[in-house]
Protein chains: 4
Amino acid sequence: MIRFSSDYTEGAHPQILQALIDTNMAQTGGYGEDSFCDEAKALILKALGAEPLAGTEQLSGPELASAISSAASPQHPAVHFLVGGTQTNLTVIAACLRPHQGVLCAPTGHINVHETGAVEACGHKVLALPGIQESSLPYRQYGKITAAQVEEAVLSHQANGAFEHIVQPGMVYISHPTEYGTLYTKEEMTALSAVCRKYGLPLFVDGARLSYGLAAHKHDPAYDLTLRDLVELADVFYIGGTKVGLLFGEAVVIMNPAIARDFRYLMKQKGGMLAKGRLLGVQFGASFQPAEDDPGLTLYESMGRHAVSLAQKMKAGFRSAGFPLFIDSPTNQQFIILPDEVLPKLAEDFAFEPFDRFDDTHQIIRFCTSWATPEENVDALIQAICKLSGK
Amino acid sequence: MIRFSSDYTEGAHPQILQALIDTNMAQTGGYGEDSFCDEAKALILKALGAEPLAGTEQLSGPELASAISSAASPQHPAVHFLVGGTQTNLTVIAACLRPHQGVLCAPTGHINVHETGAVEACGHKVLALPGIQESSLPYRQYGKITAAQVEEAVLSHQANGAFEHIVQPGMVYISHPTEYGTLYTKEEMTALSAVCRKYGLPLFVDGARLSYGLAAHKHDPAYDLTLRDLVELADVFYIGGTKVGLLFGEAVVIMNPAIARDFRYLMKQKGGMLAKGRLLGVQFGASFQPAEDDPGLTLYESMGRHAVSLAQKMKAGFRSAGFPLFIDSPTNQQFIILPDEVLPKLAEDFAFEPFDRFDDTHQIIRFCTSWATPEENVDALIQAICKLSGK
Amino acid sequence: MIRFSSDYTEGAHPQILQALIDTNMAQTGGYGEDSFCDEAKALILKALGAEPLAGTEQLSGPELASAISSAASPQHPAVHFLVGGTQTNLTVIAACLRPHQGVLCAPTGHINVHETGAVEACGHKVLALPGIQESSLPYRQYGKITAAQVEEAVLSHQANGAFEHIVQPGMVYISHPTEYGTLYTKEEMTALSAVCRKYGLPLFVDGARLSYGLAAHKHDPAYDLTLRDLVELADVFYIGGTKVGLLFGEAVVIMNPAIARDFRYLMKQKGGMLAKGRLLGVQFGASFQPAEDDPGLTLYESMGRHAVSLAQKMKAGFRSAGFPLFIDSPTNQQFIILPDEVLPKLAEDFAFEPFDRFDDTHQIIRFCTSWATPEENVDALIQAICKLSGK
Amino acid sequence: MIRFSSDYTEGAHPQILQALIDTNMAQTGGYGEDSFCDEAKALILKALGAEPLAGTEQLSGPELASAISSAASPQHPAVHFLVGGTQTNLTVIAACLRPHQGVLCAPTGHINVHETGAVEACGHKVLALPGIQESSLPYRQYGKITAAQVEEAVLSHQANGAFEHIVQPGMVYISHPTEYGTLYTKEEMTALSAVCRKYGLPLFVDGARLSYGLAAHKHDPAYDLTLRDLVELADVFYIGGTKVGLLFGEAVVIMNPAIARDFRYLMKQKGGMLAKGRLLGVQFGASFQPAEDDPGLTLYESMGRHAVSLAQKMKAGFRSAGFPLFIDSPTNQQFIILPDEVLPKLAEDFAFEPFDRFDDTHQIIRFCTSWATPEENVDALIQAICKLSGK
């Protein structure tokens with residue numbers, strides 16, 4: 001059985017696992033206050049084109065926390081490590097909103113449909129932006145929201161005579177890549193950011209698969225959004241590790257001081273502060289070291305490129321075999337329209353994820369590659385589908 | 001620097017780390033639905049003297065969840081794996097209570113003082129049982145609550161003319177060992193359990209350091225509470241892994257079907273369902289295998305015994321050196337009364353945790369051993385304190 | 001200025017106000033435990049064809065609460081008085097759900113769009129049933145949901161491979177009348193009730209305008225749902241007072257013992273337990289006395305009939321004047337399609353509520369009558385619109 | 001039966017009831033946006049020595065809300081009307097805190113012991129200030145907290161090495177009068193206010209019985225705190241109506257713009273925005289008109305003085321009859337130590353509230369007067385106790 005069902009079917013990238021092995025018996029303090037975390041944060045800041053806050057070396061405890069919070073900015077983001085995506089989403093959102101505010105997002109947003117109401121359990125309504133049927137859009141817009149939609153939501157809230165009876169839009173949540181594997185361009189993200197700033201809405205970018213989004217550029221220069229752009233344009237985003245080669249872990253990057261304030265309290269309260277926090281530092285540290293097999297890239301970049309290259313190869317294979325794409329996805333998730341009758345046969349050797357029904361006789365199937373996918377697995381899949389299609 | 005500051009200063013026990021290495025590139029499904037988790041649950045059930053539910057092999061999805069929930073019992077507990085302690089506490093408590101109910105616990109209970117209001121953030125008041133000053137008790141009672149206290153709390157709630165204006169006691173939370181390293185005897189736990197059942201209050205035992213509690217029996221037969229007793233007496237408890245040799249992880253064991261019902265929904269909502277859930281299965285599986293250096297014990301038991309033996313040796317060392325014990329602790333946490341003036345000197349080579357001030361010139365210091373503590377570290381500490389005391 | 005903008009533009013019906021005046025200086029206990037409340041509950045139970053629980057006369061405090069809770073049923077509903085609608089909705093919903101559950105309702109449901117996220121603030125997602133555009137339905141279905149929609153939502157939840165990652169449908173909320181003034185027939189409500197019972201979902205009926213719904217029968221026998229039917233078919237509903245002649249107040253009727261359990265604790269916690277609870281008893285007591293001008297009806301029925309008769313007259317007037325109806329509403333809310341250009345003129349003398357835009361040149365306008373509307377006000381409106389239409 | 005069991009045993013003061021009668025059939029908009037509310041706010045601001053915000057006459061909707069919020073200050077407080085005390089407390093506290101923060105208060109604070117965990121249900125821990133046994137204090141300090149206690153709580157939080165694991169003090173809640181009927185002096189309140197401002201903690205004063213506190217000055221000039229002082233010293237307080245002559249209602253006065261911001265959204269979400277909001281305007285308007293029988297005072301002041309005068313007479317009566325005072329209370333609540341054996345006899349004709357047990361043979365009994373208490377009721381009580389005491 002070869003699994004393309006998700007990008008978290010294996011453990012950790014060998015370079016990352018090795019770092020865990022190497023540091024296993026080192027003694028450190030807990031809860032992310034250790035030198036491994038400090039080093040990982042420094043590497044991440046470097047990759048972001050940012051710097052640690054000068055003059056904080058002598059601080060600790062509340063003074064340090066306060067200094068970092070009050071000075072968080074695109075030049076000096078605060079970086080925190082959490083364990084998983086749902087936890088990160090709910091913690092960041094709880095840090096951003098007052099009780100009467102909700103979070104604007106796409107109807108297909110992960111927080112709206114796949115987190116068992118985690119945001120609502122923190123007291124906030126998820127405000128799925130209305131009105132656009134995916135099928136009426138060009139596929140590049142699937143799963144995305146636009147600056148115009150956000151502006152319309154805010155204006156229509158303010159224009160409503162009963163505005164105080166309606167949840168107030170308080171922030172914007174997007175994923176990059178989205179649930180459809182689509183990506184925002186720099187222009188689109190700039191427009192979103194501008195409208196968010198115009199109306200005082202923090203912009204939060206869920207980067208669970210960020211590395212796979214950044215790698216798309218190599219295959220299509222239209223996908224031009226960089227890590228440094230996110231630092232400039234978002235208020236807070238995260239660099240996903242769980243789906244990109246770590247055992248687990250998400251690195252939250254906060255530019256907005258109002259969100260950075262007391263963020264570790266919220267991490268603790270929401271169950272996201274790992275006792276052996278150094279495990280996150282060790283892993284993210286390894287992830288932002290040069291890749292062993294391509295030292296010009298960080299391992300994080302390299303893992304993304306590996307997955308996306310194989311995904312593009314897979315996509316080409318499906319195309320050649322005559323199976324239409326639901327989306328011409330630039331990232332590691334591929335969405336293929338397959339006839340119902342081939343699925344049982346394909347399922348004998350491969351695991352994949354039914355995404356949605358396409359029509360009476362076809363389903364949309366999601367195939368994921370990841371940092372861990374061997375090329376021969378993709379080749380085996382292509383061979384199998386060619387055989388099934390008779391091409 | 002040698003650290004006795006906590007029992008989570010290292011990574012994982014080598015046997016557990018090896019299991020992670022060995023399984024690293026295996027592909028599995030996510031969220032704890034994989035064969036590693038299944039095997040770990042079977043091993044844990046065996047250690048509990050319980051069995052998986054027969055007839056569920058053919059079930060999956062909602063049918064399986066429903067079968068397990070509705071049949072949870074001391075014979076067939078449900079087992080779930082979560083990442084950390086705060087997360088586990090808040091998830092279990094949220095699963096037990098209706099909105100107007102609170103959780104009875106000791107004033108020093110972890111949920112009351114060290115989890116940033118995680119329980120309140122789920123909407124529930126922590127009802128610290130009033131009235132008993134630790135210093136008026138025999139040390140064996142420190143950090144514990146009694147059946148009589150619980151009964152009094154319930155009766156006094158019901159007797160209050162304004163009972164509906166007061167949070168209703170809805171469950172009982174205890175730790176075993178407690179924050180003071182003390183332990184419940186089987187007799188005490190039986191009495192607590194009886195009063196809980198009398199008044200319909202689920203009894204929840206936080207076993208973050210459970211292995212260290214179970215190991216005390218070897219040194220003092222008065223500490224006679226076993227894992228199987230917990231299965232009979234509690235409604236839900238957890239087997240702590242984070243502090244006992246795992247990178248992270250807590251195994252929740254649920255006997256009460258009302259709590260077991262839909263528990264995985266709550267795990268997901270509260271951010272405690274790990275995407276690569278198999279990491280928890282692999283680690284707990286390894287932990288409930290025979291210990292390599294003492295195959296008559298599970299590794300989990302063996303790790304506890306190691307830590308407790310060294311803690312007893314350390315305690316004897318402090319005693320010999322003339323430093324009084326705050327508590328004659330039977331577990332891996334030792335609480336010693338040390339004069340202020342020796343602390344800076346001791347801190348040059350050792351990390352430890354200031355627990356509380358004892359008097360104007362003395363502090364209570366906590367020293368933890370763990371599964372990872374080498375005997376030479378304890379010897380070095382004893383040597384250092386002998387030198388400091390001049391004995 | 002004559003106001004048709006809502007059904008809460010005046011104070012209380014004179015008969016109700018008189019009861020408040022008559023009892024003003026009587027001394028009673030607080031929080032709804034007084035003889036006025038007892039009498040009002042007895043009158044309501046009589047109107048419901050139900051009876052107080054025998055054998056509870058000697059009970060008080062927790063014993064009484066427990067007896068009522070455990071015996072709540074269609075024969076012996078529990079009745080509680082709260083102050084307002086939002087408060088009642090959030091309290092009932094909090095009483096019904098576990099943390100991972102949400103409440104199914106129409107997209108236009110009051111809890112979904114007009115209560116500032118009150119349900120989410122209690123931790124629960126509002127699950128707006130997808131997919132039906134009002135404009136594709138016969139107007140009688142506007143604002144309503146069907147048994148088939150509920151069943152589909154439950155089955156599709158259970159069938160989803162990631163069901164535990166999705167909020168579980170935990171109850172059903174409907175309004176009768178709906179936000180569009182439409183009504184469920186007995187057949188429709190029976191079907192809804194059956195599907196709710198099949199899947200263990202409590203059915204909650206928001207009766208903020210219940211009297212206006214019950215009165216529709218007089219004008220069209222198709223609207224055949226009675227108060228007694230609600231007792232049989234719903235798990236919990238409320239008899240709205242704020243919009244039907246009381247200064248304020250909603251009477252919650254609970255047939256399901258799981259919801260009745262400890263309901264007063266939730267009322268207190270959520271701020272819905274009035275200190276001078278007797279004001280609610282006095283007002284509901286007066287409301288369920290015979291109407292002075294039609295002693296064969298309760299005042300509550302009589303007020304509903306008055307409003308609905310005038311609304312039907314108003315509707316006929318709009319029709320005669322050539323203004324089309326958006327809905328042929330059987331209750332006290334009328335929805336008329338008016339050209340933009342007549343609105344400023346009409347607004348000089350009348351207050352009304354813009355409900356929605358109909359097309360580029362027309363709006364849907366809501367006009368409400370109530371227990372307080374004098375017939376001459378309706379006549380004046382009809383005269384004005386005839387003048388505007390030139391008919 | 002004569003009731004001294006609380007100060008909410010009757011309906012409304014006749015002057016207030018008359019205002020409700022006089023305005024009953026006037027038509028207004030809902031939710032507190034009507035001319036009665038506007039007038040009442042103007043009267044209250046005048047009584048506070050403050051003024052409405054100039055230049056807002058032309059604003060409405062979000063613009064008006066925003067202008068008021070951003071300019072709230074001691075010169076221009078925002079005033080809002082809610083229905084009851086628990087609701088007001090939870091709404092104000094939710095408006096003040098971020099998720100990881102708690103509210104400091106006395107252990108006997110109403111929010112800590114008598115509101116069924118309403119604050120926790122909003123996600124926040126109530127941080128009862130530790131350590132002072134009432135019986136070790138002079139009675140004038142009962143139920144109060146000091147600036148020193150607040151400072152110590154903040155400093156000890158910040159000094160704790162695990163500060164992020166502990167709920168952060170985020171605001172201070174006090175009652176004036178307290179649950180014991182005691183009062184803060186201006187000096188004490190000034191000190192509290194100063195420490196709150198030093199540490200950025202909003203100071204919230206629960207004035208459910210404020211009128212009875214302000215009236216104490218007439219009997220003892222030591223009680224020198226005025227309404228205008230509260231405007232200067234608190235961030236938010238409320239003027240209690242439920243216990244002072246209204247059917248219901250609390251007027252929240254907000255000086256701090258961060259709390260004022262979007263306050264009406266929170267009122268709506270928490271169920272505290274009355275549909276017929278004008279009822280609150282009418283009642284508070286009447287309450288801040290000159291008293292008919294003493295036009296030099298507002299009715300609100302006059303009602304407070306009436307109750308306190310009678311309470312002082314009652315206190316003198318108990319003293320003369322030889323029954324010791326538990327507290328020499330300056331307000332309308334009197335706490336008397338009575339022997340168990342006299343209680344059944346006294347209960348034949350009088351209702352009162354057992355407050356606490358004093359010793360094996362005595363109870364502390366609370367007797368309340370109110371705006372509604374006739375002097376002959378107090379005389380009857382004094383006669384009865386003289387008879388019981390044989391004096």
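The sequence lines fix the lettering, A, B, ..., with proteins before strands; numbering per chain opens at 1.
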For the backbone of D:Leu59 and the side chain of D:Thr56, can you confirm whether one donor and one acceptor N or O come within less than 3.5 Å of each other?
no

Indicate yes or no for a side-chain donor-acceptor contact from D:Ser73 to the backbone of D:Met255 under 3.5 Å, with no hydrogens or angles considered.
no

Quick check for you: to the nearest 0.5 Å, what is the distance between A:Leu192 atom CG and A:Gln149 atom CD?
9.0 Å

A:Val167 and side-chain contact (heavy atoms from CB on, under 4.5 Å): which single residue from A:Val126, A:Val103, A:Leu127 fits?
A:Leu127

At under 4.5 Å between heavy atoms, what parts of residues 150-160 of chain A are in contact with chain D? List them by residue number.
A:His157, A:Gln158

Is there a side-chain contact (heavy atoms from CB on, under 4.5 Å) between D:Gln101 and D:Met171? Walk through the geometry before answering.
CA-CA 8 Å; D:Gln101 297 179 319; D:Met171 68 183 293; over 6 Å; no

Non-neighbouring partners of D:Phe248 that pass ring pair (Phe, Tyr, Trp, His ring centres under 6.0 Å), sequence neighbours left out:
C:Phe248

Among D:Leu266, D:Leu97, D:Asp262, who wins on heavy-atom pairs under 4.5 Å with chain A?
D:Asp262

With A:Tyr173 as partner, the option from A:Phe237, A:Tyr238, A:Phe204 fulfilling ring pair (Phe, Tyr, Trp, His ring centres under 6.0 Å) is A:Phe204

Please tell me if the side chains of D:Leu45 and D:Pro77 come closer than 4.5 Å, counting only heavy atoms from C-beta onward.
yes

Quick one: NZ on A:Lys268 to OH on A:Tyr31, what's the gap to the nearest 0.5 Å?
5.0 Å

Looking only at heavy atoms, which of residues 111-121 of chain D get nearer than 4.5 Å to chain A?
none

Starting at CE of D:Met273, measure out to CZ of D:Phe263 and round the result to the nearest 0.5 Å.
9.5 Å

Region of A:Ile166 in contact with chain D, defined by heavy-atom distances below 4.5 Å:
backbone

For chain A, find its close neighbours in residues 81-95 of chain D: heavy-atom separation under 4.5 Å, sorted by number, or none.
D:Ala94, D:Ala95

Under a 4.5 Å cut-off applied to non-hydrogen side-chain atoms, are D:Val252 and D:Val236 in contact?
yes

Identify which part of D:Gln168 has an atom lying under 4.5 Å from any heavy atom of chain A, answering side chain, backbone, both or neither.
both

Rounded to the nearest 0.5 Å, what separation is found between the CE atom of A:Met267 and the NE2 atom of D:His165?
9.5 Å

Under a 4.5 Å cutoff for heavy-atom pairs, which residue among A:Glu33, A:Arg261, A:Lys270, A:Arg98 has the most contacts with chain D?
A:Arg98

Okay, side chain of A:Lys125, backbone of A:Gly102: is any donor-acceptor separation there less than 3.5 Å?
no

Show your reasoning for whether side-chain contact (heavy atoms from CB on, under 4.5 Å) applies to D:Val172 and D:Ile145.
CA-CA 10 Å; D:Val172 170; D:Ile145 61 175; 3.7 Å; yes

Would you say the side-chain atoms of A:Glu39 pair up with the backbone N or O of A:Gly285, donor to acceptor, closer than 3.5 Å?
no

